[in-house]
Number of protein chains: 2
Amino acid sequence: MGLSIGQVAERTGLSVHALRFYEKEGILAHQVHRGPGGRRVYTQRDVDWLRMCIMLRMSGMPVPEIRRYTDLVRQGDGNELQRLDILKEHQDRVRQQMVQLQECMDLITHKVGIYQDYVNSIAPRAVGQ
Amino acid sequence: MGLSIGQVAERTGLSVHALRFYEKEGILAHQVHRGPGGRRVYTQRDVDWLRMCIMLRMSGMPVPEIRRYTDLVRQGDGNELQRLDILKEHQDRVRQQMVQLQECMDLITHKVGIYQDYVNSIAPRAVGQ
DNA sequence: GCTTGACCTAGAGTCGGCTCTACTTCGTAG
DNA sequence: CTACGAAGTAGAGCCGACTCTAGGTCAAGC
């Protein structure tokens, strides 16, 4: 049940450096406890939490904001409204990002179409030969 | 028809610093020419190009790759296939990004739902009072 | 008893993409 | 003529998120 930092790195895709960095930055909800020789011992719960953090990071939530959220979780019951606020705000930002990304995609697809047509109109008869 | 750097900054949303930076990085397809006193004079074409660059940047294309693309455009006809390759590759990356972002969105929406339900179950009767 | 490998800490270094500073040069307005 | 504002250049600085280095501990295997 206890996982070494290396094992956690493996199953989250984070580097051991990043894991120590995240801990220092305070974005682990539960204190990682230490085994013999001061080695970190992670639980499955830590891995699950990290996977969520990875999602938040991937969608552009900055580390300090993940920390704010983590702090609330660490403090325990009673601040659900604040957690909800953070999540909703982030949700909005992600929505905007998706819209922007879709716009970029449309432009790119448009240009790809144009170039594709042009390239087809130039080369393809050679393919048949 | 000739625009100053300040005007271009206004209508692209880039800073004048960023505009000079982009030029130095070689991501302007056509050389910006200079008016009296060595001042940059931009055309509408430059603005259009910049807007496309902004789309590419927004969707995560790194500056050096925009430069590669720009170089091809600058070199003129004959390399359309290479331009197409760059665009298609980027298109793939954007597609992946969108999938990832959607996954993040799903998780966040899920959590928002849970917190929302919880918060509703605790507070709302107070609202009626 | 020596090496290896996985771990530890503290802190320095890297990278991308701007952003800002310092200083200069203009052209116009007061 | 003085001041202002908008430009110019070269190059330094900044920020976020890691990544890496240096030097050390410890258990297991040869």
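All of these numbers come straight from a predicted model, not from anything done at the bench.
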Below 4.0 angstrom, which residues in residues 51-65 of chain B have at least one non-hydrogen atom near DNA chain C?
B:R57, B:P62, B:V63, B:P64
Return the value, rounded to whole Å, for the distance between atom CD1 of A:I27 and atom C1' of D:dA17.
10 Å
Specify the separation, in whole Å, of atom CG of A:L19 and atom P of D:dC20.
14 Å
Find out whether A:E23 and A:R40 are in side-chain contact, i.e. whether some heavy atom of one side chain is under 4.5 Å from a heavy atom of the other.
yes
Does one side chain, of B:D92 or B:Q96, offer a donor that lies under 3.5 Å from an acceptor on the other?
no
So, A:T43 versus A:D46: side-chain donor-acceptor pair below 3.5 Å or not?
yes
Are the side chain of A:Q7 and the backbone of A:S4 linked by a donor-acceptor contact shorter than 3.5 Å?
yes
Test: side chain to side chain donor-acceptor pair (under 3.5 Å). Region: residues 48-63 of chain A. Which pairs qualify, not counting sequence neighbours?
A:Q44-A:D48, A:S59-A:H90
A:Q100: partners by side-chain contact (heavy atoms from CB on, under 4.5 Å), with sequence neighbours left out:
B:M58
Consider salt bridge (charged side-chain N to carboxylate O under 4.0 Å, His left out). Of A:R67, A:R20, A:R68, which one does A:E25 pass it with?
A:R67
Atom pairs, N/O to N/O, protein against nucleotides 6-9 of chain D, distance under 3.5 Å?
from  : atom 1 : to    : atom 2 : distance (Å)
D:dA6 : N3     : B:R39 : NH2    : 3.0
D:dA7 : OP1    : B:S4  : OG     : 3.0
D:dA7 : OP1    : B:G6  : N      : 3.2
D:dG8 : OP1    : B:R40 : N      : 2.9
D:dG8 : OP1    : B:R40 : NH1    : 2.9
D:dG8 : OP2    : B:R20 : NH1    : 2.6
D:dG8 : OP2    : B:R40 : NH1    : 3.4
D:dG8 : O5'    : B:R40 : NH1    : 3.3
D:dT9 : OP1    : B:R34 : NH1    : 3.3
D:dT9 : OP1    : B:R34 : NH2    : 3.2
D:dT9 : OP2    : B:R40 : NH1    : 2.9
D:dT9 : OP2    : B:R40 : NH2    : 2.7

By salt bridge (Lys or Arg N to Asp or Glu O under 4.0 Å), which residues pair with B:E10, not counting sequence neighbours?
none
Among the clusters formed by ILVMFWY side chains lying less than 4.5 Å apart, do A:I27 and A:V47 turn up in the same one?
yes
Under a criterion of less than 4.0 angstrom to any heavy atom of chain B, what are the 5'-terminal and 3'-terminal contacting nucleotides of DNA chain C?
C:dG17 to C:dC26
Return the CD to CE distance between B:E89 and B:M61, rounded to the nearest 0.5 Å.
8.5 Å
